[in-house]
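Worksheet: one structure, shown below.
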Amino acid sequence: MTSPCRVVAFDLDDTLYKEMEYVASGYRTVARALADATGGDAAELFSIISANRPLGFEAALDAVAGKPGVERYSVDDLVEIYRAHKPDIVLGEDAENTLTALKERGDRLVLITDGSTRHQRAKIAALGLDRFFAPEAILISQETGGDKTTLVPWAIVENRYPGCRLTYVGDNLSKDFRHPNLRGWRTVMLRDVDGLNVFPQAPLDWPAEYRPRTTVDALLNTI
């Protein structure tokens, strides 16, 4: 008897890499730009930005107030530098090994992520995810017209892969699991074992339909 096709869809941020690595990458870029303009210390400015988030850019400008060159930048300018920066992020070993093993097994791999094309495409390029996900299998909410709190991305996958066993791997209880649970998908939450995720995980704080059917400490356990 032929096994049904398998589709494994992944979240991006805090699933395939830690989102705080992207945040730190952006902060370093802003700190270097501000240091270059004012003669300040980039490492010190990075520490100031990180310690004072979400008002880190304001704090950094205060730290170099009065220095020649500081007039070149406003908070909005620093925000734009952050948003436009080329991310210095890498795919973790566990994610790399998992995606490689699933691809070699013949599973269809899908990426479902919320956010803007600009930011998510930059992350995807930096992580080299085109090695694993075909262009049509990358679903970004700004491009599809619906985020994970809507039926849009789930319906796209179901229509594209009829009759397949569907799995979604994510981390965020507020939006990653409710719709796929209700539609009969297998759902897997990658546990935040280090407590570094942007959105803390507290499954018992959520109704049952929002919770994953399975929780794992490593992506390789999804195979």
Side-chain angles (χ1 to χ4, degrees), residues 8-36 41-60 75 78-102 109-133 138-142 147-148 168-176 188-202 212 215-222:
V8 185
F10 289 89
D11 172 47
L12 177 58
D13 302 308
D14 279 331
T15 298
L16 294 181
Y17 83 105
K18 286 294 185 182
E19 188 171 3
M20 286 307 299
E21 294 177 4
Y22 172 82
V23 173
S25 170
Y27 287 175
R28 285 192 296 270
T29 302
V30 170
R32 285 194 297 267
L34 201 53
D36 289 345
D41 183 272
E44 181 180 343
L45 287 168
F46 172 78
S47 296
I48 290 170
I49 294 169
S50 300
N52 289 277
R53 62 186 302 264
L55 298 176
F57 296 161
E58 290 87 342
V75 171
L78 299 184
V79 170
E80 178 57 24
I81 290 172
Y82 176 89
R83 290 176 174 171
H85 90 281
K86 182 178 180 180
D88 180 16
I89 55 177
V90 296
L91 200 60
E93 182 179 2
D94 182 42
E96 178 90 26
N97 291 341
T98 300
L99 294 173
T100 298
L102 292 173
L109 300 181
V110 175
L111 189 68
I112 302 177
T113 180
D114 289 348
S116 70
T117 294
R118 181 188 196 185
H119 298 145
Q120 301 309 85
R121 289 285 176 189
K123 296 171 187 175
I124 289 165
L127 295 170
L129 292 180
D130 59 342
R131 293 172 292 150
F132 304 106
F133 300 95
I138 296 174
L139 306 180
I140 300 172
S141 61
Q142 186 178 36
D147 65 20
K148 287 181 281 186
Y168 189 69
V169 185
D171 73 282
N172 189 334
L173 287 145
S174 70
K175 60 181 180 178
D176 279 347
V188 180
M189 183 176 77
L190 180 63
R191 194 165 69 91
D192 180 19
V193 294
D194 299 317
L196 298 177
N197 285 14
V198 171
F199 298 100
Q201 295 173 340
T215 300
V216 297
D217 290 350
L219 287 177
L220 276 171
N221 292 335
T222 65

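Starting from 1, each residue takes its place in the sequence as its number. All values below were derived from every heavy atom in this structure, side-chain atoms included, with hydrogens, water molecules and symmetry-related copies excluded.
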- Verify, without hydrogens or angle tests, whether Glu58 (side chain) and Val75 (backbone) share a donor-acceptor contact under 3.5 angstrom. no

- Message: Other residues, nucleotides and ligands only: do more than 12 of their heavy atoms fall within 6.0 Å of CD on Glu80?
- Response: yes

- Aromatic ring pairing Tyr27/Tyr82, orientation class (parallel under 30°, perpendicular over 60°, tilted between): tilted

- Considering all heavy atoms of both residues, which atom of Ala31 and which atom of Ala42 are nearest to each other, and what is their separation? CB-O, 3.5 Å

- With a 4.5 Å heavy-atom cut-off, do Thr29 and Ile81 have their side chains touching? yes

- Task: Using side-chain hydrogen bond (donor to acceptor under 3.5 Å, both in side chains) as the criterion, point out the one residue from Gln142, Gln120, Lys148 that pairs with Thr113.
- Result: Gln120

- Is it true that a side-chain atom of Asp94 and a backbone atom of Leu220 form a donor plus acceptor pair closer than 3.5 Å? yes

- Message: If I compare all heavy atoms of Val188 with all of Pro212, which pair ends up nearest, and what's the gap?
- Response: C-CB, 4.2 Å

- Query: Taking C-beta and beyond as the side chain, do Glu19 and Asn197 meet within less than 4.5 Å on heavy atoms?
  - Reply: no

- Query: Does any non-hydrogen side-chain atom of Ile49 lie less than 4.5 Å from one of Leu78?
  - Reply: no

- Message: side chain to side chain contact (heavy atoms under 4.5 Å, CB included) for Leu127 and Leu12? Distances and angles first, verdict last.
- Response: CA-CA 10 Å; Leu127 295 170; Leu12 177 58; 3.8 Å; yes

- Is it true that a side-chain atom of Ser141 and a backbone atom of Gly115 form a donor plus acceptor pair closer than 3.5 Å? yes

- Which distance, rounded to the nearest 0.5 Å, do you find between the CG of Leu219 and the OG1 of Thr15? 7.5 Å

- Rounded distance (nearest 0.5 Å) linking atom OG1 of Thr100 with atom CG of Leu102: 9.0 Å

- How about Arg83: does its CZ atom have over 12 heavy atoms from other parts shown lying under 6.0 Å from it? no

- Any idea which heavy atoms bring Ala60 and Leu34 closest together, and the distance? CB-CD2, 3.8 Å

- Message: Run Phe10 and Leu129 through side chain to side chain contact (heavy atoms under 4.5 Å, CB included) and show every step you take.
- Response: CA-CA 11 Å; Phe10 289 89; Leu129 292 180; over 6 Å; no

- Query: Less than 4.0 Å between a side-chain N and a carboxylate O, is that true for Asp114 and Lys175?
  - Reply: yes

- Query: Which distance, rounded to the nearest 0.5 Å, do you find between the OG1 of Thr222 and the CG of Leu99?
  - Reply: 8.5 Å

- cation_pi(Lys123, Tyr22) dist<6.0 Å, angle<=45: yes

- Message: Which residue in the set Ile124, Leu139, Ile140 passes side chain to side chain contact (heavy atoms under 4.5 Å, CB included) when paired with Leu111?
- Response: Ile124

- Note on the structure: Sequence neighbours excluded, the answer for salt bridge (charged side-chain N to carboxylate O under 4.0 Å, His left out) partners of Asp192 is Lys18

- Message: When you measure from the side chain of Gln201 to the backbone of Leu190, do you find a donor-acceptor pair of N or O atoms at a distance under 3.5 Å?
- Response: yes

- Message: Using every non-hydrogen atom in the two residues, find where Asn52 and Ile48 come nearest and quote the distance to one decimal.
- Response: ND2-O, 2.8 Å

